[in-house]
Each structure stands twice: as C-alpha cells, then as structure tokens.
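Only one structure is covered here, and it is reproduced in the block below.
Hydrogens, waters and symmetry mates play no part in the numbers below; they use all other heavy atoms, side chains included.
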Amino acid sequence: MGDPLKKKILLVDDDFDFRFQQKTGLEAAGFEVIEAEGETEAATVLSEQTFDMAIVDLMMEQSDGGFTLCYTMKRDFPDMPVILVSGVNSEHGFNFDASSNAERSWIKAD
C-alpha cells in the first residue's frame, strides 16, 4: 500500500519507454504512480483504486482509445484531472485541437 500523503497518478500508455520516463520523473517529484498498458487494464485499475489525476495516451488498443477512456473517466470521476497526451498529428489521420469551446466539449480531458 502506498503512502497516503502522496498524490496518486494513473499513467496509461502502451509505450513502455514513455511510461518509464514519465513514472521516473513523477516519482522523483513525489507522486505515487500506477501504470496501465491500455484502456482495458486502466478500466480494471480504476475499478479497484482511486486517483488524484490521470495521464492518458491517445492511441492505444483502439486508434482513439484515449478519447474513450477520458470520456469514461470524466463521467465516473468528474473531479479527477485527466491529461491526454499524444505524439499523433494530422499525418496519422487525426486532426484535433482543444482551442475552441466546440472542440473542448467532446474532448473529455483537462
């Protein structure tokens, strides 16, 4: 069981190297980090634990799995900040932004 005084972050990404780098930095900053390799594992972890924040990759098991996971997280845990991260750009067929109210209304991340 982790330190109850540490803020707990769920880190969801299918890229081991990204998770390793982020976890290392976040733990050095004093956070407790729990990892999940994708949406399915994240759903299981979320049913067993609570988190102070989540960091979620956009493309994992499903090409837009991060959007779906963010939606579910914000529905079930509306006060939990969710950061959506991605190296995806328009070259991968995704062209999105969160600069307008319309875009922010369907991107359920902070």
- [ ] Could you pull out the closest heavy-atom pair between Met80 and Ala54, with the gap in Å?
- [x] CE-CB, 4.1 Å

Open item on the list: Can you give me the closest heavy-atom contact between Lys23 and Leu11, atom names plus distance?
Closed with: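 Looks like N-CD2, 3.9 Å.
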
- [ ] Quick one: pull up CG in Asp13 and CD in Glu35 and give me the separation to the nearest 0.5 Å.
- [x] 9.5 Å

- [ ] Look up atom CD in Glu27 and atom CD1 in Ile9, then write down how far apart they are to the nearest 0.5 Å.
- [x] 9.5 Å

With a 4.5 Å cut-off on side-chain heavy atoms, are [Y] and [X] touching?
X: Ile34; Y: Phe51; value: yes
X: Met73; Y: Leu10; value: yes
X: Glu39; Y: Thr72; value: no
X: Met53; Y: Lys7; value: no

Open item on the list: Can a donor-acceptor pair be found, under 3.5 Å and without considering hydrogens, that links the side chain of Asp52 to the backbone of Lys8?
Closed with: yes

TODO: Return yes when atom CZ of Phe20 has more than 12 non-hydrogen atoms of other residues, nucleotides or ligands closer than 6.0 Å, and no otherwise.
DONE: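 It does not: Phe20 CZ has 12 such atoms or fewer within range.
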
Task: Test side chain to side chain contact (heavy atoms under 4.5 Å, CB included) applied to Ile55 and Leu26, Val33, Leu84, the passing residue - done: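 Single side chain to side chain contact (heavy atoms under 4.5 Å, CB included) partner of Ile55 among Leu26, Val33, Leu84: Leu26.
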
